[in-house]
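Encoded as structure tokens, the structure appears first; notes follow it.
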Amino acid sequence: MPELPEVESVRRQLDPELSARRIVDAWADPIPSMPREFHRVEMLAGRQISHVGRRGKFLIAPLDEGLELIMHLGMTGQLTFGNQSDPYVRARLVLDDGRALSFRDVRRFGRMAVVEAGRYESIPTLARLGPEPLSDEFDPGDFAGALAKTTAPIKPFLLTQRPVAGVGNIYADEVLWIARINPRSRRIGRCRAFVLHAAIRKVLAGAVEREGTTFRDFVTVTGESGRNASHLVAYGRVGTPCPRCATPLKKIVLGGRGTTYCPRCQR
DNA sequence: CTAACTACCTGAACGC
DNA sequence: TGCGTTCAGGTAGTTA
């Protein structure tokens, strides 16, 4: 479940390895039921990578010829260097230094696509992506305004990536616990929106420092686990006492997703 | 336009 | 032991 901190950890390791490298060969093994899994990856052969950037959970690598490589890790996607035989490697890029970057993805929710730079119509979530939470673009007033405009429950709304980029199921539970907001709440006032804004910044920045959360599948490019899991307060801790009020944390399904929160201090 | 729902995928965990 | 069911969740697509 790579979210912004996990993807940023991958980006930081990938960028120095891929910057200015040329791709000499590209291979992908899409399945007919998921035709967009590796869209136009064959176009990568011969292209040079400028650098590896990121928007939300999307890795964006500008190429020559006005193209961009977009990568999304989905649920179980991993990017590692190596040529080892592995049934879950779905795509592989051979670089001009002889190394191979492998895209390994057990559940096949990950994606790679080559697009004209900045043309994201074929990737709707990226086309409508909210501001980067750790940049100045993430403005408290704008965020409060966005929350005031929707009638959807706050947690599913955060997961749309529209009010802010990069928050997934784990960090949504964490930030709502810190801000003391019930995940089902449909009305977030200006004051609470500011508190939530600050919580998003704090939680994501801390998780980036610790190279992300490894709950099941996430590993960095070098195969290491993130160190943030022991810092989680809400996610995955159903039944344990709330650190604030000792009430056992409760788990519900909201928007089809498991949601853990404190029924007492998140009203 | 938004909100709400389901499909996609597959190993792990669970129940009998 | 073995088989069937449920769960995990980011995004795309459809429906109301």
Side-chain angles (χ1 to χ4, degrees), chain A residues 1-11 28-40 54-60 70-79 86-91 103-113 115 120-130 133 145-176 183-188 204 207 212-219 226 229 232 234-239 250-261:
Chain A
M1 42 202 95
E3 305 178 29
L4 183 148
E6 292 73 40
V7 178
E8 174 62 15
S9 300
V10 169
R11 189 204 68 76
D29 185 25
I31 57 174
S33 64
M34 300 189 77
R36 307 179 75 168
E37 191 180 15
F38 296 105
H39 190 233
R40 302 206 299 175
R54 180 190 58 73
R55 276 283 282 129
K57 306 173 195 174
F58 293 87
L59 291 166
I60 301 181
I70 313 291
M71 295 183 279
H72 195 294
L73 300 177
M75 274 290 295
T76 56
Q78 304 172 342
L79 287 165
D86 182 330
Y88 300 117
V89 169
R90 314 296 186 190
F103 190 110
R104 181 178 189 272
D105 187 14
V106 171
R107 291 188 197 171
R108 293 184 182 271
F109 281 9
R111 297 275 156 85
M112 292 176 78
V115 301
Y120 302 142
E121 313 82 58
S122 62
I123 308 167
T125 302
L126 181 55
R128 304 197 52 192
L129 194 61
L147 298 195
K149 268 189 221 136
T150 184
T151 60
I154 181 63
K155 178 171 171 181
F157 186 54
L158 287 175
L159 296 183
T160 65
Q161 309 299 300
R162 274 152 46 205
V164 62
V167 175
N169 204 44
I170 293 177
Y171 297 111
D173 280 2
E174 295 299 298
V175 300
L176 290 170
R184 281 174 294 210
S185 177
R186 292 174 186 268
R187 287 175 201 269
I188 308 292
L204 294 183
T213 298
T214 296
F215 209 80
R216 289 189 181 78
D217 305 287
F218 171 68
V219 293
L232 297 180
Y235 180 87
R237 298 182 60 83
V238 57
K250 187 177 170 185
K251 185 164 180 180
I252 60 171
V253 175
L254 182 56
R257 296 294 169 250
T259 299
T260 305
Y261 72 108

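Letters A, B, ... mirror the listed sequences (proteins, then strands); counts begin at 1. A quick note: this is a predicted structure, and the numbers were derived from the prediction, not measured.
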Checklist line | Whole-Å gap separating P (dT11(C)) and CD1 (Ile70(A)) | finding: 13 Å
Notebook entry, point to check: Hey, does the side chain of Thr76(A) reach the backbone of Arg107(A) with a donor-acceptor pair shorter than 3.5 angstrom?
Noted result: yes
Checklist line | Residue-phosphate contact under 4.0 Å: Lys57(A) side-chain N/O, dT11(C) OP1/OP2 | finding: yes
Next item on the list: Tell me which of Arg162(A) and Gly256(A) sits closer to the 5' end of DNA chain B, going by the nucleotide each one is nearest to.
Entry: Arg162(A)
Checklist line | Whole angstrom value for the distance that separates P of dA8(C) from CG of Leu159(A) | finding: 14 Å
Notebook entry, point to check: Can any side-chain N or O of Gln161(A) pair as donor or acceptor with the backbone N or O of Gly166(A) at less than 3.5 Å?
Noted result: yes
Checklist line | Degree of bending in the helix from dT2(B)-dA16(C) to dC16(B)-dG2(C) once both end axes are built from five pairs, to 10° | finding: 50°
Margin query: Mind checking if Thr76(A) touches a base, just sugar-phosphate, or nothing, with heavy atoms under 4.0 Å?
Written below: nothing
Notebook entry, point to check: Within the pair Lys251(A) and dA8(C), is there a side-chain N or O less than 4.0 Å away from OP1 or OP2?
Noted result: yes
Next item on the list: Please tell me which of Ser122(A) and Thr259(A) maps to the more 5' nucleotide of DNA chain C, matching each residue to the nucleotide holding its nearest heavy atom.
Entry: Thr259(A)
Check: Would Phe109(A) count as stacked on dC8(B) if the rule is ring centres under 5.5 Å and plane angle under 30°?
Finding: yes
Check: With sequence neighbours excluded, what pairs up with Asp173(A) under the side chain to side chain contact (heavy atoms under 4.5 Å, CB included) test?
Finding: Lys155(A), Ala234(A), Tyr235(A), Thr259(A), Thr260(A)
Notebook entry, point to check: Do the side chains of Val89(A) and Asp29(A) get nearer than 4.5 Å, heavy atoms only?
Noted result: no
Note to self: Please report the distance, rounded to the nearest Å, between CG in Asp105(A) and C1' in dC8(B).
What the structure shows: 12 Å
Next item on the list: May I have the distance from Glu37(A) (atom CD) to dG13(C) (atom C1'), rounded to whole angstrom?
Entry: 17 Å
Item checked: With sequence neighbours excluded, residues passing side chain to side chain donor-acceptor pair (under 3.5 Å) with Tyr171(A) -> Glu6(A), Thr213(A)
Note to self: Would you say Tyr120(A) places a side-chain N or O within less than 4.0 Å of OP1 or OP2 belonging to dT11(C)?
What the structure shows: no
Margin query: Taking only side-chain N and O atoms of Thr151(A), does any of them lie within less than 4.0 angstrom of OP1 or OP2 on dT2(B)?
Written below: no
Notebook entry, point to check: His39(A): what forms a ring pair (Phe, Tyr, Trp, His ring centres under 6.0 Å) with it, not counting sequence neighbours?
Noted result: none
Next item on the list: Could you give me the CA-CA distance, side-chain angles and deciding distance for Tyr120(A) and Leu129(A), then say whether side chain to side chain contact (heavy atoms under 4.5 Å, CB included) is met?
Entry: CA-CA 10 Å; Tyr120(A) 302 142; Leu129(A) 194 61; over 6 Å; no
Check: Which of these nucleotides, dG9(C), dT2(B), dT11(C), is closest to any side-chain atom of Tyr235(A)?
Finding: dG9(C)
Checklist line | dA4(B) phosphate, OP1 or OP2, under 4.0 Å from Arg186(A) side-chain N/O | finding: yes
Under 3.5 Å, which protein N or O atoms sit close to an N or O of nucleotides 14-16 of chain C? Give each pair with its distance.
none

Next item on the list: May I ask you to say what Gly255(A) touches in the nucleic acid, namely base, sugar-phosphate or nothing, with a heavy-atom cut-off under 4.0 Å?
Entry: nothing
Margin query: How many whole angstroms separate atom CE of Met75(A) from atom C1' of dA7(B)?
Written below: 15 Å
Margin query: Can you list everything that forms a ring pair (Phe, Tyr, Trp, His ring centres under 6.0 Å) with Phe109(A)? Sequence neighbours excluded, please.
Written below: none
Item checked: Residues in side chain to side chain donor-acceptor pair (under 3.5 Å) contact with Arg128(A), at least two apart in sequence or another chain -> none
Item checked: side chain to side chain donor-acceptor pair (under 3.5 Å) involving Arg54(A) - partner list, sequence neighbours excluded -> Glu8(A), Glu132(A)
Notebook entry, point to check: Which residues pass the side chain to side chain contact (heavy atoms under 4.5 Å, CB included) test with Thr214(A), sequence neighbours left out?
Noted result: Phe218(A), Ser225(A)
Next item on the list: Ignoring backbone atoms, test whether Thr150(A) places a side-chain nitrogen or oxygen under 4.0 Å from the OP1 or OP2 oxygen of dA3(B).
Entry: yes
Next item on the list: Please list, chain by chain and in numerical order, all residues satisfying ring pair (Phe, Tyr, Trp, His ring centres under 6.0 Å) with Phe103(A), sequence neighbours excluded.
Entry: Phe38(A)
Check: If you look at every strand shown and take non-hydrogen atoms under 4.0 Å, does Pro153(A) touch a base, only sugar-phosphate, or nothing?
Finding: sugar-phosphate
Note to self: Tell me the interatomic distance from Asp217(A), atom CG, to dC7(C), atom C1', rounded to whole angstroms.
What the structure shows: 13 Å
Next item on the list: Assign each of Val253(A) and Pro124(A) to its nearest nucleotide of DNA chain C by heavy atoms, then name whichever residue's nucleotide is nearer the 5' end.
Entry: Val253(A)
Margin query: Can you measure Lys149(A) atom NZ to dC1(B) atom C1' for me and round it to whole angstrom units?
Written below: 13 Å
Margin query: Using a 4.0 Å heavy-atom cut-off, does Ile123(A) contact any base of the nucleic acid, only the sugar-phosphate backbone, or nothing at all?
Written below: sugar-phosphate
Item checked: Separation of atom CE in Met112(A) from atom P in dT11(C), rounded to whole Å -> 16 Å
Next item on the list: Considering just the side-chain nitrogens and oxygens of Arg111(A), establish if one lies under 4.0 Å of OP1 or OP2 belonging to dC9(B).
Entry: no
Note to self: Any N or O donor-acceptor pair under 3.5 Å from the base of dT11(C) to the side chain of Arg128(A)?
What the structure shows: no
Checklist line | Qualifying residues under side chain to side chain donor-acceptor pair (under 3.5 Å), relative to Thr125(A), sequence neighbours excluded | finding: none
Identify each atom pair where a protein N or O and an N or O of nucleotides 10-13 of chain B are less than 3.5 Å apart, giving names and distance.
residue : atom : partner   : partner atom : Å
dT10(B) : OP1  : Arg108(A) : NE           : 3.0
dT10(B) : O2   : Arg107(A) : NE           : 3.4
dG11(B) : OP1  : Tyr88(A)  : OH           : 2.9

Next item on the list: Could you tell me whether a side-chain N or O of Arg90(A) sits under 3.5 Å from a main-chain N or O of Val106(A), the two making a donor and an acceptor?
Entry: yes
